[in-house]
Amino acid sequence: MEYNFAEIEKKWQAWWAEHQTFRVRAAAGRPKFYVLDMFPYPSGAGLHVGHPLGYIASDIYSRFRRLRGFNVLHPMGYDAYGLPAEQYAIQTGQHPEVTTAANIARYRRQLDKIGFSFDWSREVKTCDPAYYRWTQWAFIRMFNSFYSYEQNRALPVSELVRAFETSGTEGLRAACGKELSFSAAGWQAMSEKDRQETLMNYRLAYLGDTMVNWCAALGTVLANDEVVNGVSLRGGYPVEQKVMRQWCLRVSAYAERLLSGLDVIDWPASLKETQRNWIGKSEGAEIRLPLAPSSSGGGGGEVVVFTTRPDTVFGVTFMVLAPESAYVPALVTPGQRPAVEAYLASVKRRTERERMADRKVTGVFSGSHVLHPLTREPLPVWISDYVLAGYGTGAIMAVPAHDSRDYAFAKQFETELRAQLGGKCPIVPLIEGCDVSEESFDAKEGKMINSPQEGCVCGLVLNGLEVKEAIAKTKAYIEANNLGRVQVNYRLRDAIFSRQRYWGEPFPVYYDAEGMPQMLPEEALPLELPEVDRFLPAGTGEPPLGRAGRWAWDSVRKEVVATARIDNKTVFPLELNTMPGFAGSSAYFLRYMDPHNEKALVSREANEYWRSVDLYIGGTEHATGHLIYSRFWNKFLFDTGAVCEDEPFRKLINQGMIQGRSSFVYRIQNSNTFVSLNLKDRYEVTPLHVDVNMVENDVLDTDKFRAWRPEFAGAGFILEDGKYICGWAVEKMSKSMYNVVNPDDIVEKYGADTLRMYEMFLGPLEQSKPWDTNGIDGVHRFLRKYWRLFFEGGRLAVSDAPAGAAELKILHRLINKVQTDIEHFSFNTSVSAFMTGVNELTGLGCRKRAVLEPLTVILSPFCPHVCEELWSLLGHAGSIADATYPVYEERYTVEERFAYPVSFNGKVRFRKTLPLGLSREEIASAVLGDGQSAKYLEGRKPEKVIVVPGKIVNVVV
RNA sequence: GCCCGGGUGGUGGAAUAGGUAGACACGCAGGACUUAAAAUCCUGUGGGCAGUAAUGUCCGUGCGGGUUCAAUUCCCGCCCCGGGUACCA
């Protein structure tokens with residue numbers, strides 16, 4: 001009987017589907033394990049061979065856990081909202097729902113062919129109203145919540161209102177947009193509209209005027225992580241800064257918890273580091289600098305700066321404001337106004353991109369001065385775009401000696417600054433021995449100098465202190481003398497949550513007669529996405545939903561009605577924006593736990609059983625997007641009591657990318673002749689990408705090549721050894737490089753089991769590596785060899801004879817190796833171990849059930865189809881997925897290992913072979929009692945014997 | 001610039017609480033079977049030197065130092081490659 005993979009795979013895939021083999025239910029008392037893949041966006045191009053890498057790994061792990069007795073939740077779904085479907089819809093008029101459904105069907109067919117053990121009964125699609133209902137629900141909850149720094153969690157806004165009623169903002173510690181201050185009486189005096197505006201400053205989902213990344217080409221705003229180098233991640237269109245009123249999520253409120261939570265989860269160090277950088281915690285101080293009396297603001301004004309280096313306060317020689325800073329208008333003197341206005345205009349003209357490409361030092365003097373907080377000397381206030389409005393207070397104290405950016409600025413404007421400082425040099429070093437003639441000294445180390453002496457007016461003496469001590473002392477001084485406060489800043493910004501798009505979740509929001517946003521009642525959810533005639537933004541600049549006729553809210557009848565009926569008493573306009581891509585992916589892992597629940601996102605029982613994801617596999621590209629937002633989202637739900645775990649993903653693995661291995665042919669210039677790789681240096685050639693599907697083991701199929709394109713029909717070839725050898729390079733897998741390998745083709749030719757094993761064999765899971773079809777034969781050969789172990793002369797020939805010692809040794813070494821390797825996610829070495837084991841068994845001619853049956857079980861996570869078939873041929877009813885993983889018994893694998901007694905001075909070296917299983921003491925005495933060792937050790941008394949079983953013996957004399 | 005990874009045969013990669021470097025596979029070479037091819041199987045395969053040979057011997061994990069009886073593994077200094085991030089005060 002031959003290994004007929006096509007037949008076997010078809011048969012077992014149908015069997016699994018029919019018997020719902022991988023359907024799971026919560027089962028109290030049975031240990032659970034939740035294995036999750038990052039669900040795919042179903043693009044029009046279908047899957048290439050790189051996509052399933054992580055799915056194969058998670059599937060192997062799931063099947064392994066199942067065999068070990070765990071109740072494994074391993075679901076799959078689709079991140080179905082997204083820009084490509086909408087762009088396609090704009091171009092073709094095809095409804096995104098239609099193309100998305102077609103793409104999903106195609107993905108499903110491709111996934112099924114690989115033989116994954118997903119529980120498809122739990123499938124989730126983000127564009128399904130039954131699903132996005134809970135996305136809208138969470139949004140309403142966020143709108144109705146604020147973040148208390150007192151309790152370090154989200155609380156209902158009703159509690160905030162109660163606090164305002166009794167004590168105003170007195171003693172309030174809550175996350176907010178800007179610090180407000182009013183009394184209980186002040187709150188009482190506010191109009192309803194003012195109260196709503198005030199609350200908006202605290203809500204976790206809020207409408208705010210924010211500087212957004214506006215992409216005109218896409219007609220929408222983008223989140224920070226959707227912008228790369230000043231252009232949009234998708235499409236690469238230019239992005240500009242613009243103030244717009246947008247829905248935002250107060251992710252920044254959770255900055256500290258998002259940061260500290262990283263300490264308790266098992267994620268790759270590099271990914272945690274990326275998130276730490278993104279959150280960007282910096283501890284420092286805000287310092288208030290009073291305006292100099294002569295300045296335009298008159299007496300009483302002040303400017304607040306943020307610094308992480310308060311110790312350098314005596315090196316401050318000027319101040320800089322961001323161009324967009326709110327301080328600017330008040331501080332510009334009439335004389336400087338024209339110069340400042342010209343500067344602001346020039347800054348506005350420069351796009352983000354230009355600012356990055358050309359980092360010129362620019363700036364303008366505001367005309368005003370502030371007073372140094374300690375020495376009371378006047379300091380000039382400048383305006384420059386190297387200070388960012390969005391970070392800290394948008395104003396800095398410049399210390400040119402110890403900050404490279406301030407240094408560059410001081411050098412650029414040295415003449416002006418010197419004049420303003422009465423001839424003094426603006427660069428004042430504060431650390432002993434540092435040289436600031438060429439560059440600033442930014443390091444936080446050394447001893448302080450140049451601070452005032454003991455007994456000076458201000459009383460802050462830093463001389464002689466280490467930088468760290470000086471920072472602490474200055475912070476304490478600032479607080480004690482009311483010059484400012486200790487402050488922690490985060491780089492993490494709130495997430496902008498509005499998109500001017502059609503293909504996304506609608507907001508459950510309408511605007512009342514006052515124009516204030518109101519949430520729809522929860523019973524009205526889901527608010528379904530309406531039909532529109534076209535998917536472009538409306539001519540008025542409104543988002544595409546502005547084209548929907550049926551898009552107003554009747555607040556009395558509680559239903560969606562036609563826009564035409566808006567009467568401003570009971571029927572109101574609905575929000576026209578939709579939610580961004582990350583909305584739907586922020587809680588999908590919770591929905592899988594209880595996907596058909598109509599009462600809740602997830603029931604308490606289901607959530608308490610499945611809890612959180614035990615293993616999450618996906619790419620690093622989501623480090624600062626999805627993986628931050630979903631942690632935030634989950635923490636919020638945790639605060640409201642909707643879920644029982646604070647962190648959603650306990651362990652995370654980043655699978656590497658599979659790159660393409662492009663093939664090249666070399667055309668001799670001005671001809672239609674192509675020269676083989678090793679002969680190309682003799683000619684002037686142009687390399688051309690050639691479709692990798694026409695190349696095998698780097699040899700070009702010249703007939704296929706001629707048939708590929710009309711212009712190659714008459715191509716000539718200069719061959720070497722009768723073959724045309726192609727050149728190759730590792731590039732991103734993409735259509736334009738003709739290096740896309742479709743998993744369907746591989747499955748067709750070699751079978752799914754070979755594809756699964758080969759993808760694992762290619763190298764470590766975390767590593768990026770090029771796809772190289774060349775090596776796949778080796779894996780396929782292994783499977784055929786393995787199949788043949790069961791057959792002799794065309795029939796099944798498995799004997800019931802007891803297994804011998806040598807066979808059991810091979811088997812148990814395999815069990816041990818494969819089990820520990822899977823537990824460490826080292827799938828490539830597991831596959832190698834199988835190959836070795838099967839080679840050895842073939843060598844022994846072993847066809848014994850006692851060996852082959854357990855071997856089939858441990859191999860089944862990797863090659864489920866062939867193992868199922870053999871399992872059934874061995875006489876088992878049911879699926880191998882219900883089998884039990886064999887137990888490793890060490891006694892079968894006892895073997896001799898080396899022990900190395902140790903010589904000294906490099907004079908004596910010897911090696912000794914000892915049986916395994918001896919105790920440390922036994923090894924030590926065996927070594928020391930050995931003739932050679934005894935001779936060497938004669939006259940020296942061992943002080944200490946260090947033994948590592950099976951490995952080393954160290955003797956210290 | 002800063003922060004993470006990583007440099008091992010012709011190729012993908014094994015082996016790190018320091019202990020026989022190159023498992024496994026590809027490729028290549030030779031052989032068996034075959035009229036032939038494919039498929040399959042067997043053998044060899046880091047480099048140099050010596051030997052008819054079994055074998056012996058030296059050199060070898062990016063480069064230069066160090067620690068150690070012993071370093072791919074630990075320490076110091078470089079070089080190169082990949083990823084993240086970037087006026088965040």
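Everything numeric in this text was worked out from a predicted model, so none of it was measured. Note on naming: letters A, B, ... go to the chains in the order of the sequence lines (proteins, then strands), and numbering restarts at 1 for each one.
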For S768(A) and for G280(A), locate the closest nucleotide of RNA chain B by heavy-atom distance; then report the residue assigned to the nucleotide nearer the 5' terminus.
S768(A)
Where the side chain of T624(A) is concerned, which of C24(B), U40(B), U85(B) is the nearest nucleotide?
U85(B)
Name the closest nucleotide to the R781(A) side chain, picking from A86(B), C26(B), A89(B).
C26(B)
Taking the six-membered ring where the residue is Trp, are the ring centres of F5(A) and Y750(A) under 6.0 Å apart?
no
Looking only at the side chain of L388(A) (C-beta and beyond, no hydrogens), which of the listed nucleotides C87(B), A23(B), C41(B) gets closest?
C87(B)
Which nucleotide wins on minimum distance to the side chain of T829(A), given the candidates A86(B), A14(B), A89(B)?
A14(B)
Pairwise C1' distance for G12(B) and U68(B), with rounding to whole Å
34 Å
Would a line drawn from the ring center of F413(A) to the ring center of F318(A) be shorter than 6.0 Å?
no
Using a heavy-atom cut-off of under 4.0 Å over every strand shown, decide if N828(A) touches base, sugar-phosphate, or nothing.
sugar-phosphate
Suppose we call two aromatic rings close when their centres sit under 6.0 Å apart. Are W771(A) and Y758(A) close by that rule?
yes
Closest to the D385(A) side chain, choosing from C41(B), C87(B), A25(B):
C87(B)
Heavy atoms from C-beta onward define the side chain here; which of C4(B), A14(B), U40(B) lies closest to that of S270(A)?
C4(B)
Mind checking the C1' distance from A71(B) to G65(B)? Whole angstroms is fine.
14 Å
Base, sugar-phosphate alone, or nothing: which one does K785(A) contact when heavy atoms must sit under 4.0 Å apart?
sugar-phosphate
Side chain of E273(A) - closest among U85(B), C41(B), C3(B)
C3(B)
Quickly work out the Y758(A) OH to C24(B) C1' distance and round it to whole Å.
13 Å
Round to the nearest Å and state the distance from R493(A) atom CZ to A86(B) atom C1'.
13 Å
Syn within 90° of 0, anti beyond: G48(B) is anti
For a quick check of understanding: with a heavy-atom distance under 4.0 Å over all strands, which category does P770(A) fall into, base, sugar-phosphate or nothing?
nothing
Looking only at side-chain N and O atoms, does D442(A) offer a donor or acceptor that is under 3.5 Å from a partner on S404(A)?
yes
Separation of G13(B) P from F834(A) CZ (nearest whole Å)
21 Å
For the residue pair T829(A) / S832(A), report whether a side-chain donor-acceptor contact shorter than 3.5 Å exists.
no
Grab the CD1-P distance between I279(A) and C3(B) for me, whole Å please.
19 Å
Is it true that K281(A) and N489(A) share a donor-acceptor pair across their side chains at a distance under 3.5 Å?
no
Among side-chain atoms of N654(A) and T620(A), is any donor-acceptor pair under 3.5 angstrom?
no
Does OP1 or OP2 of C24(B) have a side-chain N or O of N839(A) closer than 4.0 Å?
no
Below 4.5 Å, heavy atoms only, C-beta onward: do R631(A) and L262(A) meet side chain to side chain?
yes
Could you write out RNA chain B as a dot-bracket string, with dots for unpaired bases, | for bases paired across to another strand, and Watson-Crick or G-U pairs counted at under 3.5 Å?
(((((((..(((......[....)))((((((.......))))))(((((....)))))..(((((..]....))))))))))))....
Atom CG of L492(A) and atom P of A86(B): how far apart are they, to the nearest Å?
13 Å
Consider the side chain of Q767(A), meaning its heavy atoms from C-beta on, and name the nucleotide among C87(B), U40(B), G13(B) that approaches it most closely.
G13(B)
Rounding to the closest angstrom, what is the interatomic distance between G77(B) and G22(B) at atom P?
32 Å
When rounded to the nearest Å, what value does the distance between P atoms of U67(B) and C87(B) take?
45 Å
Per I396(A) side chain, nearest of listed nucleotides A89(B), C24(B), U40(B)
A89(B)
Between C4(B) and A89(B), how far is it from one C1' atom to the other, in whole Å?
24 Å
Distance check, C1' atoms only: G46(B) and U61(B), in whole angstrom units.
11 Å
Side-chain N or O of S282(A) closer than 4.0 Å to phosphate OP1/OP2 of A89(B):
yes
Could you tell me whether R813(A) and E840(A) have a side-chain N and a carboxylate O separated by less than 4.0 Å?
yes
What integer distance in Å separates F827(A):CZ from A14(B):P?
14 Å
side-chain N/O Y391(A) vs A89(B) OP1/OP2, d < 4.0 Å:
yes
If you measure from the P atom in G47(B) to the same atom in U11(B), how many Å do you get, rounded?
12 Å
Using the C1' atom as the reference point in each nucleotide, state the distance between C76(B) and G27(B) in Å, no decimals.
40 Å
Taking atom C1' of A15(B) as reference, at what distance in whole Å does atom NE2 of H824(A) sit?
15 Å
Hey, which of these two, L271(A) or M835(A), hits RNA chain B nearer its 5' end, going by closest nucleotide?
L271(A)
Below 4.0 angstrom, N of the basic side chain to O of the carboxylate: do R276(A) and D263(A) qualify?
yes
Round to the nearest Å and state the distance from K769(A) atom NZ to U11(B) atom P.
19 Å
Looking at R784(A), I'd like to know whether one of its side-chain N or O atoms comes within less than 4.0 Å of OP1 or OP2 on A39(B).
no
